[in-house]
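Throughout, protein chains are lettered first and strands after them, A, B, ... in sequence-line order, and every chain is numbered starting at 1.
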There are 2 protein chains.
Amino acid sequence: MSNFEALFDYIQEISGKLLSEDDKHLLMAHFKPRKLRKRQYFLQEGDVCKYIGFIVKGSARTFTVDEKGHEHILKLSLENWWLADFESFYLLTPSRFNIEALEELEVLQSTNAQIEEFLKDIPAFSAMANVISQNNTIATQKRMQAAMSYTAEKRYEDLVSNYPHFLKRFSQNMIASYLGLSPETLSRIRKNSFK
Amino acid sequence: MSNFEALFDYIQEISGKLLSEDDKHLLMAHFKPRKLRKRQYFLQEGDVCKYIGFIVKGSARTFTVDEKGHEHILKLSLENWWLADFESFYLLTPSRFNIEALEELEVLQSTNAQIEEFLKDIPAFSAMANVISQNNTIATQKRMQAAMSYTAEKRYEDLVSNYPHFLKRFSQNMIASYLGLSPETLSRIRKNSFK
DNA sequence: AAGTACATTTGATTTAGGTCAACTCACTGT
DNA sequence: ACAGTGAGTTGACCTAAATCAAATGTACTT
């Protein structure tokens, strides 16, 4: 019923390996479709992140709330991305993050224990995990560098040129928080860049 | 001659698996000891990071230089850590980073191609790689959150409580740059916290 | 021991970006 | 059609941290 093809295609593309029919059946048996309405939480601060979700449709944000009540978005997620607080998911510790659906969200979700099985039994899945972890290391390092070295304006320009689709899918407030800016500051940056 | 025991112990401890004698011989055959003097570069911006190094002794910093000529430290590394720009190392692209020895530095180094062999042939090595990649994902996420949500003072306090040994080994200027602060600001923060 | 090169501290001033507040547009649901 | 809510804009003001500059401390070198 639910769209497992998206998941299969993704695994095969990222890993560069094919999934056997057995592999596919195993995945279908242990990834459960789940729908969340806009504003619904996939994960709440303080809970253990028991599930990892593959986004089939929709978008989400991962954020913290600081002592002043300000929200800070650490991750914006779209179709064909994994949704989880990996720290909590791997270590089974309570999460410091919230993950909230920004649009109606469809995921295929599974548990830590089950993922371990996939890693053991499905070569393409384990190859995919390695590639993702590499990509993730690289991306986070870039983002860290940007946060440290660049001005707000440069960070926004980088986003515009590297992730233009973000601007279509996420509100300006979300983008501002993702860039570590107040909404007002982003509004002003955009105003100036139109000259 | 050089201290391979440190490397063996590290792999076994992190992976939770034992290395066979064959494994050890393989590692000894393909990790080459290298010494760098203080201030010497392990990697220069624009070069491809051909080697990954395991630090046996000494310390290093990974940093970028922005258009104004300001340096930003992304990573401080000590004994039993891996030294590389993983983006450049994995993808064989020119690096945006510099890696410089802060003290006399002894590493055991190997190449990308060789690491691939280790991953295939040495189970403990591949288990270690997975654990490191997990830890790395978690640590970078924490650091990103800290950079976004916390004040300079809170970031320093976190460093003091989580990595007290950093303060012993790295100069205040290095710590400041690592925290994304000017040396003057860090000096003032320290002054205030002594009350 | 003297001299040069760094590190750190302190003070005065500047600035990027945040905060607070008011206003304008959409959209949504009734 | 109309209130209501959230998103974006604009202006006035504020603040954390950077910058500039000078003084002091420390630690290699020869």
Side-chain angles (χ1 to χ4, degrees), chain A residues 37-40 59-61 63-73 76 100-104 146-160 166-195, chain B residues 37-40 58-61 63-73 76 100-105 146-160 166-195:
Chain A
R37 299 203 55 74
K38 193 174 172 172
R39 298 285 159 89
Q40 226 182 318
S59 59
R61 63 177 181 137
F63 68 100
T64 44
V65 182
D66 69 23
E67 58 272 25
K68 288 188 194 144
H70 294 141
E71 297 178 352
H72 302 273
I73 296 183
L76 288 171
E100 184 201 45
L102 291 176
E103 302 168 340
E104 175 138 338
M148 290 190 71
S149 322
Y150 297 158
T151 62
E153 193 163 350
K154 180 87 161 66
R155 256 143 55 215
Y156 177 67
E157 284 166 10
D158 270 20
L159 185 79
V160 171
F166 267 39
L167 303 176
K168 312 259 181 216
R169 289 291 291 278
F170 299 106
S171 77
Q172 215 169 289
N173 283 343
M174 295 300 150
I175 300 283
S177 175
Y178 177 75
L179 291 172
L181 297 175
S182 70
E184 293 95 331
T185 298
L186 181 54
S187 174
R188 276 165 217 170
I189 286 172
R190 283 166 49 83
K191 191 182 170 189
N192 289 335
S193 71
F194 281 144
K195 281 194 305 227
Chain B
R37 299 203 56 72
K38 194 174 170 171
R39 299 283 159 90
Q40 225 182 319
S59 60
R61 64 177 180 139
F63 67 100
T64 43
V65 182
D66 69 22
E67 58 271 24
K68 288 187 195 147
H70 293 141
E71 298 178 353
H72 303 273
I73 296 182
L76 289 171
E100 184 199 45
L102 292 175
E103 303 168 340
E104 174 136 338
L105 185 67
M148 290 190 72
S149 322
Y150 296 158
T151 62
E153 194 162 353
K154 181 87 162 67
R155 257 145 53 216
Y156 178 68
E157 284 166 10
D158 270 21
L159 185 79
V160 170
F166 267 39
L167 303 175
K168 312 258 181 218
R169 290 292 292 275
F170 300 107
S171 77
Q172 215 168 290
N173 284 341
M174 296 300 149
I175 301 282
S177 174
Y178 177 75
L179 291 172
L181 296 176
S182 70
E184 293 95 331
T185 298
L186 181 55
S187 173
R188 284 180 248 261
I189 286 172
R190 283 165 50 84
K191 192 181 167 189
N192 289 335
S193 71
F194 281 145
K195 281 193 304 222

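- With rounding to whole Å, A:Leu179 atom CG is found 11 Å from C:dG17 atom P.
- Two residues, B:Phe170 and B:Arg188, neighbour DNA chain C, and the one matched to the more 5' nucleotide by heavy-atom proximity is B:Phe170.
- You'll find the side chain of A:Gln172 reaches within 4.5 Å of the side chain of A:Ser187, heavy atoms only.
- Dashed line: the shortest gap from a side-chain N or O of B:Ser187 to OP1 or OP2 of C:dT9 is under 4.0 Å.
- The side chain of B:Glu184 approaches C:dT10 more closely than any other nucleotide in the set C:dT10, C:dG17, D:dA17.
- Of the candidates C:dC6, D:dT9, D:dG11, C:dC6 carries the atom nearest the B:Arg39 side chain, counting heavy atoms from C-beta on.
- Summarising the geometry, the separation between CD1 on A:Ile175 and C1' on D:dG8 is reported as 14 Å, rounded to the nearest angstrom.
- Considering only the side chain of A:His70, C:dT19 comes nearest among C:dT19, D:dA18, C:dT9.
- For A:Arg190, the side-chain atoms get nearest to D:dT9 when compared with the rest of C:dG11, D:dT9, D:dT10.
- In this structure, the side chain of A:Ser177 engages the main chain of A:Ile73 through a donor-acceptor pair within 3.5 Å.
- Counting non-hydrogen atoms under 4.0 angstrom, B:Leu181 reaches the backbone sugars and phosphates but no base.
- Evaluated for a side chain to side chain contact (heavy atoms under 4.5 Å, CB included) with A:Glu71, the options A:Asp66, A:Val65, A:Asn173, A:Thr64 yield exactly one hit, A:Val65.
- In this structure, CD1 in A:Ile175 is found 13.0 Å from CZ in A:Arg155, a value given to the nearest 0.5 Å.
- Residue B:Ser182 places none of its side-chain N or O atoms closer than 4.0 Å to OP1 or OP2 of D:dT19.
- Comparing B:Arg155 and B:Lys38 by the nucleotide of DNA chain D whose heavy atom lies nearest to each, the residue mapping closer to the 5' end is B:Arg155.
- Close to C:dT9, at under 4.0 Å from its OP1 or OP2, lies no side-chain N or O of B:Lys191.
- Rounded to whole Å, the distance from CG on B:Leu186 to P on C:dA7 is 14 Å.
- Across the protein-nucleic acid pair, B:His72 atom NE2 and D:dA18 atom C1' stand 12 Å apart, rounded to whole Å.
- Between B:Gln172 and the phosphate of C:dC6, there is no side-chain N or O to OP1/OP2 separation shorter than 4.0 Å.
- Under 4.0 angstrom from either OP1 or OP2 of D:dG6 there lies no side-chain N or O belonging to A:Asn173.
- Computed from coordinates, the B:Glu153 CD to D:dT15 C1' distance equals 14 Å when rounded to whole Å.
- In this structure, A:Asn192 places its CG atom 11 Å from P of C:dG17, rounding to the nearest Å.
- For the pair B:Glu103 CD and C:dC6 P, the interatomic distance rounds to 17 Å; values are reported in whole Å.
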Q. Can A:Arg190 and A:Tyr156 be said to form a side-chain hydrogen bond (donor to acceptor under 3.5 Å, both in side chains), step by step?
A. CA-CA 9 Å; A:Arg190 283 166 49 83; A:Tyr156 177 67; 3.0 Å; yes
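- Residue B:Tyr156 contributes atom OH, which lies 11 Å from atom P of C:dT8 at whole-angstrom precision.
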